[in-house]
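To keep things clear, I will list the structure first and then write my remarks on it.
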Amino acid sequence: IVVAEQILAASALEVSKSRPDLFEKIVALTPVGVLYLAGPASPRQEQFFNQMWSNDFAAKGFYQDLVSEQSANFYLSKAYYEADAVTPLRINEITLTAQYEEQTWASVCFVGGKIYRSFADAANGVTVPVSVVYGSDPQAPVTNGQPETIDMFEAIAPQFSYYEISETAN
């Protein structure tokens with residue numbers, strides 16, 4: 001059983017199509033890819049990725065800036081539907097990752113749009129059982145002020161099982 005969260009849920013779906021023998025079931029926790037991070041990368045993201053990929057020093061500097069308190073606060077305020085969801089604990093979770101320099105390339109790939117996937121594309125052709133779990137109080141992620149909801153995912157892939165947990169956020 002593979003449990004994958006948010007953007008990695010679509011990646012798990014993709015891998016299961018080529019290697020279903022590796023999966024008994026997928027549990028997708030608050031997947032994304034309907035409105036948010038549905039790809040493909042923009043030309044600006046492609047340019048950013050190519051610049052970082054060719055300059056290790058710049059990429060590591062970008063990562064250290066990205067995981068700073070000021071940057072974490074800025075990006076979280078853009079990602080969450082409700083401002084009070086940006087808490088000191090969430091900011092601290094990000095700033096603590098500064099010590100893990102090996103995360104540089106995961107962040108560069110994310111910001112550079114290399115791991116964005118449409119949920120519809122990822123779900124198409126999946127043959128293993130999939131359960132999608134979502135909170136009933138969508139806070140994140142949002143696109144243009146609109147959060148993704150479990151109903152959006154169910155409309156795309158009604159063959160999956162869906163579970164909404166009441167009084168919880170995504």
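Remember, predicted model here, so these are calculated numbers, not experimental data.
Minimum heavy-atom separation, Gln51 to Ser54: O-OG, 3.2 Å. Residues Glu164 and Ile150 come closest through the heavy atom pair OE2-CG2, 3.4 Å. Closest heavy-atom contact between Val108 and Phe62: CG2-CD2, 4.1 Å. The heavy-atom pair separating Met52 from Ala59 by the smallest distance is SD-CA, 3.5 Å. Residues Cys109 and Phe49 share a closest heavy-atom pair of SG-CE1, 3.8 Å. Contact between Ser71 and Asp65 at its shortest, heavy atoms only, is CB-O, 3.1 Å.
A distance of 7.0 Å separates CD of Glu93 from OG1 of Thr87, quoted to the nearest 0.5 Å. Atom CD of Gln64 sits about 6.5 Å away from atom CD of Glu101, to the nearest 0.5 Å. In this structure, Lys25 NZ and Ile1 CD1 are separated by 6.5 Å, a value rounded to the nearest 0.5 Å. Here CG of Leu8 is found 9.5 Å from CZ of Arg117. Values are rounded to the nearest 0.5 Å. Here Ser118 contributes atom OG and Asn124 contributes atom CG; the two are 9.5 Å apart, rounded to the nearest 0.5 Å.
When side chains are defined from C-beta on, Trp105 counts as touching Trp53, because their heavy atoms get closer than 4.5 Å. Residues Phe110 and Leu37 form a side-chain contact, since some pair of their non-hydrogen atoms from C-beta on lies under 4.5 Å apart. Taking the side chain as every heavy atom from C-beta outward, Tyr134 and Pro31 approach each other to under 4.5 Å. Using a 4.5 Å heavy-atom threshold, the side chains of Thr30 and Glu5 count as touching. For the pair Leu66/Tyr75, a side-chain contact is recorded, criterion being any heavy-atom separation below 4.5 Å from C-beta on.
Under 4.0 Å is where a charged nitrogen must lie from a carboxylate oxygen, and between Lys60 and Glu102 no such pair does.
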Run Leu76 and Ile94 through side chain to side chain contact (heavy atoms under 4.5 Å, CB included) and show every step you take.
CA-CA 10 Å; Leu76 287 172; Ile94 292 172; 3.8 Å; yes
Checking side chain to side chain contact (heavy atoms under 4.5 Å, CB included) for the pair Tyr162/Asp151: CA distance, chi angles, key distance, verdict?
CA-CA 9 Å; Tyr162 291 85; Asp151 298 338; over 6 Å; no
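Side chain of Asn50 to backbone of Glu46: a donor-acceptor contact under 3.5 angstrom is found. Although no hydrogens or angles enter the test, the distance criterion places a donor-acceptor pair under 3.5 Å between the side chain of Lys17 and the main chain of Ala122. Side-chain atoms of Thr97 never come within 3.5 Å of backbone atoms of Tyr100 as a donor-acceptor pair (strictly under, hydrogens ignored). Tyr116 contributes no side-chain N or O that, together with a main-chain N or O of Gly33, makes up a donor-acceptor pair within less than 3.5 Å.
Within a 6.0 Å sphere centred on CD of Gln99, heavy atoms belonging to other residues, nucleotides or ligands number more than 12. At most 12 non-hydrogen atoms from other residues, nucleotides or ligands lie less than 6.0 angstrom from CD of Glu69.
Here the two rings, on Phe153 and Phe119, have centers that are under 6.0 Å apart.
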